[in-house]
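Predicted, not measured: the structure shown is a model, and the values here were computed from it. Quick note on labels: first sequence line is chain A, next is B, and so on, each numbered from 1.
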Amino acid sequence: MNIVVCVKYVPDATADRHFEDDNTVDRVGVDGLLSELDEYAVEQALQLKEKNEGTEVTVLTVGPEQAVDAIRKGLQMGADKGVHVVDDSIAGSDALATSLVLAEAIKKVDHDLVVCGMASTDGAMGVVPAMLAERLGLPQVTLGSVIEMQGKEVRIKRDGDTATEIIGGTAPLVLSVTDQSGEARYPSFKGIMAAKKKPVETWSLSDLGVDASQVGLSAAWSQVEDTAARPPRTQGEIVADEDGSGAKALAEFLASKKFI
Amino acid sequence: MTEILVLVDHVDGAVRKTTNELLTIARRLGEPSAVFIGSPSDDAVAALKGFGAEKVYVVDDAEVKGYLVAPKAEVLHQLVEKTSPGAVLISSNAEGKEIAGRLAVKTDSGLITDAVDVQEGPVTTQSVFAGSYTVQAKVTKGTPVITVKPNAATPEQAEGAGAVEQVAVTVSDAAKAAKIVASEPRKATGRPELTEAAIVVSGGRGTGGNFEPVEHFADALGAAVGASRAAVDSGWYPHSFQVGQTGKTVSPQLYVAAGISGAIQHRAGMQTSKTIVAINKDEEAPLFELVDFGVVGDLHAVLPAATEEVNKRKG
Ligand SMILES: Cc1cc2nc3c(=O)[nH]c(=O)nc-3n(C[C@H](O)[C@H](O)[C@H](O)COP(=O)(O)OP(=O)(O)OC[C@H]3O[C@@H](n4cnc5c(N)ncnc54)[C@H](O)[C@@H]3O)c2cc1C
Ligand SMILES: Nc1ncnc2c1ncn2[C@@H]1O[C@H](COP(=O)(O)O)[C@@H](O)[C@H]1O
């Protein structure tokens, strides 16, 4: 079986994330890393590999030079090879363009399963897996908290808003997994050493037959007009609870705001 | 005036409040047409009409049910071709966003997700990076497909024509390739829906697994109950109540956090609440930086006493 895991290189959420002058996310000036939510995708792919002999796991990313760090992390965790799509004209792409490039790259790699995270930690749209399914003409089985595969049959458990569902489909398909699917492993020392010898291919848009005019900021299907840092919240009154004084003060506050 | 398609969000026929908000927003952009997938009751049609739907497209296709998002995207695609709308508005939940994503690809149109406001243009407002930035955006290609968060508008009633039109659509076999094998409806809590509630009271690891004080306080205020991921991961509260980056984003009038430290991933889900209150025994808890009012104390003492106090005042 062949599994392609889509992983995104994102600005560190604990660092100072900001926008550039052209209203795109600064992906170069801040520390980046493999999106935490995509670690869960790598983990599930590796668990499927362990259960299915002869499985090969490819980590695929579309992103700037440094994004190769995200691939490396996936390889250290245990993936077999990496594909990095990098091209200056990709900068500033929105989800439509990103999914277009990802889909073309996936078509060039054998795939029975395409595994994604639930959402990227920076854009947090949670739409790329559905877009990939649409573009590749594959079924989508998304937002799984428990993943099972028997032969070509995939079953996931999804904790939806109004129901807990079991969703099924037949490979090849697009799968996405949530952060409820189980902690991702840390790379072992052996894994880190082994990763150095694993192959990483670098592709440009022309390798994929995608025209540069179809992607990037100028071709974006939507445009950010303005960004503004939200004014920091100012701290209100803090009281210490002494013999029930806290509850009274709290009720007083809620009443003053007309919540009671 | 151009039509604005609004995908009706309903649970077994009961129209959700978010749909009223979408219809209200749609009136700013053009003439709202509701798209109801399923068989609406007279009440449902009346509700849509009451919030300004000029048309109600009914797609009552048994094939669509049970097959997740792909057939719904096909239905909307066919309606977009038929009506050339000015925009398509969809509720911003997991399913809505996936439908929107597929529709955007099908129609080669721009997509904006998680709008907290939509004005003429349409120009959208989004809150990004854990609520630390506000972004204004516009779709520049095709038919704008916009998913809108709960509470993005105050629903305003306005009588529309509400003309029902049955629409026949074709659903491809490919769209039926992923299906719901089993479904277990969640038990109703009797409390308001988390993302729609005006007041949310959440508990974290500090509850020590006892959510009773949190629930009682919530009930005194008529609030929904939420939880931090630490509480969910400990098995104390179901995942569907998790607030934060990988749970629900809430933006209520009042958010009360009890025994929650305020990690960035939690703040991402509640930072835009109008008023924030925290109860935490550690005065250094980062959440205190955001609060309008804070009590440093043991939630197991403060909440029950505050519940009593609230009930007393309500008389
Ligand atoms: C990829 C990723 C996604 C995540 N997504 C989410 C998410 O969606 N939502 C989320 O919430 N978290 C999320 N997290 C986890 C987040 O980082 C924190 O670990 C989590 O929010 C902590 O929950 P907590 O505040 O309840 O627990 P803690 O951080 O342990 O805080 C407990 C607090 O309770 C206080 N306390 C203890 N006892 C009492 C008492 N008797 N009375 C009053 N106060 C008391 C303590 O002083 C402390 O401040 C995510 C993490 C990652 C890596
Ligand atoms: N640039 C990218 N490169 C590789 N995978 C991506 C990229 N962007 C998004 N993805 C995948 O799509 C998922 C959802 O992303 P998003 O729709 O941006 O929230 C992520 O968890 C990744 O698995």
Side-chain angles (χ1 to χ4, degrees), chain A residues 13-14 17 19 37 95-96 99 118 125-127 130-131 134-135 137 139-143 155 159 161-170 173 178-180 220-230 233 235-241 244 246-251 253-255 257 259-260, chain B residues 11 68-70 93-94 97-98 100-102 104-106 109-113 123 129 131-142 174 177-186 199 221 239-240 246 254 264 275 288-297 301-302 305-306 309-310 313-314:
Chain A
T14 56
R17 295 181 288 184
F19 288 94
L37 293 175
L96 280 136
S99 66
M118 64 188 288
M125 293 178 80
V127 295
M131 286 180 165
E134 180 70 39
R135 291 193 187 279
Q140 69 171 87
V141 175
T142 53
L143 301 171
R155 290 266 187 285
D159 301 306
D161 279 355
T162 55
T164 300
E165 294 166 331
I166 305 293
I167 295 165
T170 309
L173 55 74
T178 72
D179 63 334
Q180 300 286 305
W221 278 258
S222 56
Q223 192 183 340
V224 173
E225 311 237 287
D226 192 23
T227 61
R230 222 185 154 78
R233 293 187 84 107
Q235 194 183 51
E237 194 187 350
I238 311 274
V239 302
D241 178 46
K248 283 214 172 60
L250 173 56
F253 172 79
L254 295 178
K257 294 275 185 185
F259 288 120
I260 304 176
Chain B
V11 182
L68 301 151
V69 298
N93 48 41
K97 288 202 270 190
E98 290 188 343
R102 299 188 77 122
V105 170
K106 280 179 196 295
S109 296
L111 166 69
I112 289 174
T113 57
V123 174
F129 292 165
S132 59
Y133 271 84
T134 312
V135 167
Q136 240 103 48
K138 215 167 79 182
V139 163
T140 45
K141 264 193 215 169
K179 55 184 177 295
I180 301 170
V181 180
S183 175
E184 194 183 315
R186 189 145 290 123
I199 304 180
L221 293 169
H239 178 252
S240 49
T246 53
L254 171 65
I264 183 167
T275 300
F288 277 134
E289 292 162 18
L290 307 179
V291 300
D292 298 284
F293 190 83
V295 180
V296 181
V302 176
E309 196 69 32
V310 170
R313 280 168 191 260
K314 284 199 302 194

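- Taking all atoms of both residues into account, the shortest heavy-atom contact from A178(B) to Q140(A) is CB-O, 3.2 Å.
- The most heavy-atom pairs under 4.5 Å with chain B, out of A95(A), G168(A), G137(A), come from G168(A).
- What you find for G126(A) and E98(B) is that their closest heavy atoms are O-CG, 4.4 Å.
- Listed by chain and residue number, nothing satisfies the side-chain hydrogen bond (donor to acceptor under 3.5 Å, both in side chains) test with R230(A) (two or more places apart in sequence, or in another chain).
- Paired with F293(B) under the rule side-chain contact (heavy atoms from CB on, under 4.5 Å), one option of I238(A), V239(A), L254(A) passes, and it is V239(A).
- Each of I180(B), V139(B), T246(B) has some count of heavy-atom pairs under 4.5 Å with chain A, and the biggest count is that of T246(B).
- At least one side-chain heavy atom of F253(A) sits under 4.5 Å from a side-chain heavy atom of T275(B).
- Ranked by non-hydrogen atom pairs under 4.5 Å with chain A, the options G101(B), A306(B), G110(B), A182(B) are led by A182(B).
- Atom CG of residue D161(A) and atom CG of residue N93(B) lie 5.5 Å apart, to the nearest 0.5 angstrom.
- Using a 4.5 Å cut-off between heavy atoms, A104(B) contacts chain A through both its backbone and its side chain.
- Here the CD atom belonging to Q223(A) is positioned 11.5 Å from the NZ atom belonging to K141(B), to the nearest 0.5 angstrom.
- Each of H239(B), Q136(B), R102(B) has some count of heavy-atom pairs under 4.5 Å with chain A, and the biggest count is that of R102(B).
- If you measure heavy-atom distances from L143(A) to chain B, the contacts under 4.5 Å come from the side chain alone.
- Between A247(A) and E309(B), the closest heavy-atom pair is O-CG, 4.4 Å.
- The contact between Q180(A) and chain B is made entirely by side chain atoms (from C-beta outward), counting heavy-atom distances below 4.5 Å.
- For V105(B), the parts lying under 4.5 angstrom from a heavy atom of chain A are both the backbone and the side chain.
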Would D292(B) and R233(A) count as a side chain to side chain contact (heavy atoms under 4.5 Å, CB included) here? Give the steps. CA-CA 9 Å; D292(B) 298 284; R233(A) 293 187 84 107; 3.5 Å; yes

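- For the residue pair D241(A) and G297(B), the shortest heavy atom distance occurs at CB-CA, 4.1 Å.
- Closest non-hydrogen pair, I112(B) versus S222(A), comes out as CG1-CB, 4.2 Å.
- Of the possible polar contacts, one joining the T140(B) side chain to the A220(A) backbone as a donor-acceptor pair under 3.5 Å is found.
- Proximity to chain A is limited to the backbone of S132(B), based on heavy atoms less than 4.5 angstrom apart.
- The part of L37(A) that comes within reach of chain B is its side chain, from C-beta onward, which places non-hydrogen atoms under 4.5 angstrom from that chain.
- The part of I264(B) that comes within reach of chain A is its side chain, from C-beta onward, which places non-hydrogen atoms under 4.5 angstrom from that chain.
- A distance of 4.5 Å separates CG of L111(B) from CE of M131(A), quoted to the nearest 0.5 Å.
- Within the 3.5 Å criterion, the main-chain N or O of F288(B) finds a donor-acceptor partner in the side chain of Q235(A).
- Proximity to chain B (any heavy atom under 4.5 Å) is shown, for I167(A), by both the backbone and the side chain.
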Decide side chain to side chain contact (heavy atoms under 4.5 Å, CB included) for K257(A) and L254(B); before the verdict, give the C-alpha distance in whole Å, the side-chain angles of both, and the deciding distance to 0.1 Å. CA-CA 10 Å; K257(A) 294 275 185 185; L254(B) 171 65; over 6 Å; no

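- Every residue meeting the side-chain hydrogen bond (donor to acceptor under 3.5 Å, both in side chains) condition with T227(A), not counting sequence neighbours, appears here in chain and number order: N23(A).
- Chosen from G244(A), A229(A), A228(A), A240(A), the residue pairing most often with chain B at heavy-atom distances under 4.5 Å is A228(A).
- Residue A255(A) touches chain B through its side chain alone, counting heavy-atom pairs closer than 4.5 Å.
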